[in-house]
Amino acid sequence: MPIPVKPDRSVTTTCAYCGVGCGFKAETVEGRVVRMIPWKEGKANHGHSCIKGRFAFDYYQHPDRITTPMIRKNVDDPWQEVDWDTAFAYAAGEFKRIQAEHGTTSVGAVSSSRCTNEEIFLMQKFARVALRNNNIDNCSRICHSPTQFGLSATLGAGAASQHFDSILQSDVVLVVGANPTEGHPVFGSMMKRAVRRGARLLVIDPRRTETVDSPHCRAEVHLALRPGTNVLVLNSVAHVIVRERLYNEAFVRARCDGDDFELWMDLVGDDRYSPDVVGPEAGLDPDDIRRLARIYAGGPNSTIYYGLGVTEHSQGSTGVMCLGNLTMATGMVGREGVGVNPLRGQGNVQGGSCLGSWPHMLTGYRFVTDDVVRGSFEDEWKITLDSEPGLRLPNMFDAAVTGSFKAIYIQGEDPIQSDPNRHHVEAALRSMECVVVQDLYLSETAKLAHVFFPGSSSLEKDGTFTNAERRVSMVRKVIEPLGGLADWQITVGFMNAMGYECHYDHPSEVLDEIARTSPAYSGMSFDKIEALGSVQWPCNTDAPEGTEVLHTVTFPRGKGSFMLTGYLPTSERATDQYPLLLTTGRILSQYNVGTQTRRTANVAWHDDDVLEISADDAAGRGLSSGDRATITSRYGSTELTVSISERVNPGVVYTTFHFAHTMVNNLTSDLDDWATNCPEYKVTAVDVVRASIAQPVAGS
Amino acid sequence: MTTNVYVPCDAIALALGADDVATAIADQAAARALDVRVIRNGSRGLFWLDPLVEVDIDGVRHGYGPVEADDVASLFEAGFLGGAAHPLSLGPVESIPEFAAQTRLTFARHGVVDPRSLDDFVTHGGFAGLRRALTLSPDELLVEIETSGLRGRGGAAFPTGIKWRTVANAVATPKYIVANGDEGDSGTFADRMIFEGDPFCLLEGMAIAARAVGATHGVIYIRSEYPHSIATTQAAIDAARSAGWLGAAIAGSELSFDVEIRVGAGAYICGEETSMLESIEGKRGTVRFKPPLPALEGLYGKPTVVNNILTFASVPWIVANGGAAYAAYGVGRSKGTLGVQLAGNVARGALIEVPFGITVRELVERFGAGTRSGRPVRAVQVGGPLGAYFDNAGLDVALDYEAISDAGGLLGHGGMVVFDESVDMATQARFAMEFCAAESCGKCTPCRVGSTRGVELIDRISAGTRREANHEQLLELCDVLEHGSLCALGGLTPYPVRSALRLFPGDFGLVTDVAQ
Amino acid sequence: MTFIWNELRDLRDAVDLGTPPRDGQPVTLSIDGVDTTVPARSSVLLAATIAGATVPKLCATDTLECFGSCRVCLVEIDGRRGYPASCTTPVESGMVVRTTSEQLVKLRRGVVELYLSDYPDSDIDGGWSQFHTTLAQVGLEEGLPADHPYRGGDTHADVPVDESNPYFLFDPAKCIVCSRCVRACEEIQGTFALTIAGRGFSSQVSPSQGESFLASECVSCGACVQACPSDALIEKSLFPEGYHRADPR
Amino acid sequence: MSFIETERLVTMANQIADFFAPYPSARRIEGVRNHLRNYWDPRMRQALYDHIDATGGPELRPHVLEAVAVLREAAPATEAKKAYAGPPRD
């Protein structure tokens, strides 16, 4: 009889997949997770979910899961299973040996945005107190580091100004370089709800995404710009606002630095950025640029949501600044329904940014070079800290290639698959003497590791996540860690083995430590989050229950600062040899490099990365949908199946990067953002040719 | 001198060969070099005389009918153009007893004018109502409608004045006027008669409504089964628009109002007003719950007057002659006249406009002349497929919303279907459930599942399987349908079923031999 | 200032208010003799739930706009004819509502009997869905009596199960056509992948134009599964032994 | 061998310089200086100095050279207390 089994236990927790941070109730039968039910009281999702959080949880018990620590002297040696203490002792011994031979700063660590705030905090603490340097970075280096930089520079806080629900108060929604219905589906549904209620939708994106046109949700203006021209087009939008005097003079006068505003008006008001000049350069109708600018400036409440299509460029930080400038110029910041909001990728990537997992910053975005800030941590940790910035992850790899960097502790990241220029990363890892990888599976990176710490999934530990709207929510242990230790316990174990003694009974003690050392978190505790369901930072004595909307009275940096965002074309250009521009994105059913989702039934929807190409470009190359094609860039090549698509304009091709075997990062350049080294994933000049067809073997 | 000869062009006349008759008349006239103009009018509603050919002799219309094409030569030979006698000769049409006994207000021009001729319409008093309406304030206009006592002719009989005032008082804009012409009840055809006989009258009524409530857009919803209605009404809309009776600044006034036709897709339920609004909006035709009333949140969520075609067609006379004049007709709370449609096993199928108060028996026997088969009347279903059955003894009920309701029935859209003694009322009860099952939109459960269960129960009762238990369950099901359904389709289906069970239990095998 | 999203935030895990919470001026009405105050624009069902009354419901849930199709939340309201559905009736000041009476009990039971006449017997005992809760509320937790006249009629028991989606299945035999899945797909997810195909008794949930769930526009967000009150759309993970229909009698 | 390949360092420094190019001269230099000071590992800075000392840095933008000159004059660690947030005031 088809009567469903009834779960015997239900634990409320937070989804780890994307930056929306949906609340879920994990239901178990005899200690096995049987389903995830979206939590009605979850303030990020209000009882809604997407395919990943709702269904794709089985990865936690996939046969590929490694649950025993392993070590090996050489990457060509077979793995040797050991107990935790042996693994910690071995890794610590190697790190100490390397530091003795190559210097204190020859080792580093990178934290994971799939881990909790507490675990990320412990990782940066590990680097600072156990490695005694600032060589700590986090994965937002390759996604939203420009957000932190660009929004800090203009508004003073490198995070979303609004809460998600605020979009229901918006009259105009401008989406730039993001595809919420695929990348942030639960927020995407909220955005569609806003549009169905009458909000006008504007989209700037090279592709005609689902966000541009789906049932009852259609963009009024879509600027399908040529990849790499964000800053040019956003400056043109600003040009229209300045020339047509659509800016909010009262707001600017009251809230912003007036001199910088004048400089900015001179810059963007120049004929260089007239839509009539910019349009042909960016592949746009000048009138569309004007229409978008007028609708955005007209509001009355206009809001901006953006994603990696803004940040992953050599002018990524500049693009973010353009958006910050626009909000200030039009007064579209500091109240409900307006603002500028990054759509964060991984579940806790905002936490990764906030919790000091940076080579130049301690928690709460405060510089390690600041003696007062550093001093407060030195008092807490009873140790002297390095006062100089450490290495960013790409620079760690750069230094490894030249022989100056020798060991790394990687928590839940797979840079071989996710970072640009795969050959470079591989060479860097191969040149290291000790690579420690903490992960659920033997990832591409773990294949080059010497120590493997079996990590814990988000179902296996307590802690908190901070989502893209600065909301700190509880992650609760649903089942015991399969490897015996939660990630935070692994880091503490490694830290102790390195000789820095510290002890925590529960992650709540780590959050208490964060609260003691970080003003924006000073009012937070597990008890408070438990009582309120979730809390948005800043949470302190001024805002004991947290803050939904930022910048309501002043900006954290005082006066808002207009940054001068001159457009510089990327050096990655289409040429006769590489006539097409490749841009990348993601699809609903797969997550990031697919480590988890590829190990679920989600492959039923998407079992391979495919290359979207316009009919024109395909015809010129004799390609049809389903053909295999070789894609070649200046940096490498790979082979993908072709899909002729109306979503991309001629001259542009698109693919996702969810599958290891497609090696899309073979293609991508080593160009990166001027300010943060965030890689330029969104523009690579390529050529596409039909792959040579294997001849059928006669008689077979 | 030209002689005007009228040959009707509505669907019934066409089905009876009116086109051939018209052609034959033209051919004969040409052959005989006679100056004859054939005018295609609407039907007079006396279908047993159709095709009814009329000859205008000094302003008096002499009738011949029913005429077949083969009769035409003999008519010419007899000299019908001069009003000469002929076996088909009927004399002056308006003296035909069944016609003379009517009170034609709404259908006054019907059968008289060419439905596509705006001039004809105006010559025969058309736009008198709208002209007067434009001289009244919206409030004065609403008072006229309220005074008339006009109630919705679609079946619900809701006071039109109250509905219009609700829309007039609504703040939101734009406002819509929707004319419901999804005439799906078996045995009804009055809406079609208006479309095909006097469509300008409908447009005039809608424009008056627009004036009264402040609406700017109108929609006429016509069922796809009425192709002639769609064509004639579209022609009328085009003519009215060209002449400035639709569009901006109608007749030089400040009233701006235009109308479009939407064609239904064959679902009975789209005659239910909220389903119709869904359908017009391009959605699947399912019932909306109320409130909100369509008067406040109707088409596209805006204030909307939704009325039946007959209701709008009644309005021009009321406004032209005053509400009090209309209210002088009728009885009790049933004011004015009703276009009754006689159908089924009836000798003289017809559309009969009479004041409220006449008995059903008088309609069936005097106007309908009893059954077509000549056998005694056994039952009359009043108010369409969801109306109750009346047995012969019950036919003295008056044509009056309240009186018929008190007798366990409903007047509905004014259709009456007559049955003789050969009818099996268990089959008729089953048909009611089957109709509900076939036409249910599927939204609410009593109607969606209950109608199918109803058919099954009646089948078992008729087959003699656990007759008592199934009978008891059928009555309970009728309660659930009546009180539990979302709209009138499920809510009214028990009417024919219960009345059949009550009046004709023997047909279900529910009475013993003693009673027979 | 009133924010639309306050309504979303008033959703509670432990209670289904029946219709979405609203912001509005307080309105006081009587529910079973108890004065109850709720915001204007609330439904009578919501007010009754807050007043502590147990009004059975199937198509109504507080994450979706009211729909009024299931006809089990009927109540009596002084001065109103018939038995209005409490989910679609907005509260009014001074309204006097009765959520139970002999006639209401009978009527609700009569409606639920119709549901049971097209729901597999084998899935009644041991079930824990909202449908099963409603059965208990109207006194039909044992299902339709063996000799009930509705037995033996047309059902959807033979309509094939759609197991195309890797994560959830759709069993039309258990579908009560409440449209909660369709509405969830539209209102919550915004994909508009589901519709009701056919009319009357043939009405059935259909992904896109009669396609399987996997082949359709469905994005597997799970909103429809979450919304389904009767186990018709349900997670496959709750059937560790696979999904096997009972043999037809 | 340089700490990080010289070509890479030069590219990074020039990218930073290009961003600050639209600013008035003093702020342009100060912007580059602050960025190098607050975001670059000291060994990267040193590698850049070494490169300039060895070659004069002909491929570097002029205001990188000016910024480096300012940076090398200042006391090594303690002066940069203020958090970086855009180019400094004049």
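Each chain gets a letter, A, B and so on, in the order the sequences are listed, and its residues count up from 1.
- Ranked by heavy-atom pairs shorter than 4.5 Å toward chain C, the options Val195(A), Ile51(A), Val33(A), Asn602(A) are led by Ile51(A).
- Most heavy-atom pairs under 4.5 Å with chain A: of the set Pro240(C), Gly127(C), Gly190(C), Cys221(C), this distinction falls to Cys221(C).
- Both the backbone and the side chain of Thr191(C) come within contact range of chain A, each with at least one heavy atom under 4.5 Å from a heavy atom of that chain.
- To the nearest 0.5 Å, the span separating NE2 on His48(A) from CD on Gln226(C) amounts to 10.5 Å.
- At most 12 heavy atoms of other shown residues, nucleotides or ligands fall within 6.0 angstrom of atom CD in Glu545(A).
- A donor-acceptor distance shorter than 3.5 angstrom exists from the side chain of Tyr167(C) to the backbone of Ala601(A), with no hydrogens or angles considered.
- With a 4.5 angstrom heavy-atom cutoff, Ser49(A) touches chain C via backbone and side-chain atoms both.
- A donor-acceptor pair under 3.5 Å is absent between the side-chain atoms of Arg12(C) and the main chain of Lys40(A), judged by distance alone.
- Among Val5(A), Val34(A), Val29(A), the residue with the largest count of heavy-atom pairs under 4.5 Å with chain C is Val5(A).
- Neither the backbone nor the side chain of Asp171(C) comes within contact range of chain A; no heavy atoms are under 4.5 Å apart.
- For Asp58(A), no part sits under 4.5 Å from any heavy atom of chain C, backbone or side chain.
- Within the 4.5 angstrom heavy-atom criterion, only side-chain atoms of Lys25(A), from C-beta onward, approach chain C.
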- Task: Begin with the C-alpha distance, continue with both residues' side-chain angles, and end with the deciding distance and a verdict on side-chain contact (heavy atoms from CB on, under 4.5 Å) for Ile188(C) and Arg193(A).
- Result: CA-CA 8 Å; Ile188(C) 298 176; Arg193(A) 195 187 282 228; 4.1 Å; yes

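- With contacts defined as side-chain heavy-atom distances shorter than 4.5 Å, the pair Pro215(A)/Glu186(C) does not qualify.
- Atom CD of Glu217(C) sits in a sparse spot, with 12 or fewer heavy atoms from other residues, nucleotides or ligands closer than 6.0 Å.
- Atom CD1 in Ile234(C) sits 9.0 Å away from atom CD1 in Ile3(A) (nearest 0.5 Å).
- The residue among Met36(A), Lys43(A), Lys6(A), Lys192(A) with the most heavy atom pairs within less than 4.5 Å of chain C is Lys6(A).
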- Could you go through the salt bridge (charged side-chain N to carboxylate O under 4.0 Å, His left out) check for Glu235(C) and Arg54(A) one step at a time? CA-CA 10 Å; Glu235(C) 297 88 349; Arg54(A) 179 79 159 86; 2.9 Å; yes

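- Inspection of non-hydrogen atoms places Ser189(A), Met190(A) of residues 180-191 of chain A under 4.5 Å from chain C.
- With contacts defined as side-chain heavy-atom distances shorter than 4.5 Å, the pair Trp128(C)/Pro7(A) qualifies.
- At least one side-chain heavy atom of Pro4(A) sits under 4.5 Å from a side-chain heavy atom of Asp231(C).
- Applying a 4.5 Å heavy-atom cutoff, none of the residues of residues 131-145 of chain C approach chain A.
- Looking only at side-chain heavy atoms (C-beta outward), Trp39(A) and Asp13(C) come within less than 4.5 Å of each other.
- Looking only at distances, no side-chain donor or acceptor of Arg35(A) sits under 3.5 Å from a matching main-chain atom of Lys236(C).
- In this structure, the side chain of Trp605(A) does not engage the main chain of Ser220(C) through any donor-acceptor pair within 3.5 Å.
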- Task: For Arg196(A) and Glu65(C), run salt bridge (charged side-chain N to carboxylate O under 4.0 Å, His left out): C-alpha distance rounded to whole Å, both residues' side-chain angles, the deciding distance at 0.1 Å, then the answer.
- Result: CA-CA 14 Å; Arg196(A) 290 200 303 277; Glu65(C) 293 301 320; over 6 Å; no

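- The shortest distance between side-chain heavy atoms of Asp165(A) and Arg9(C) falls below 4.5 Å.
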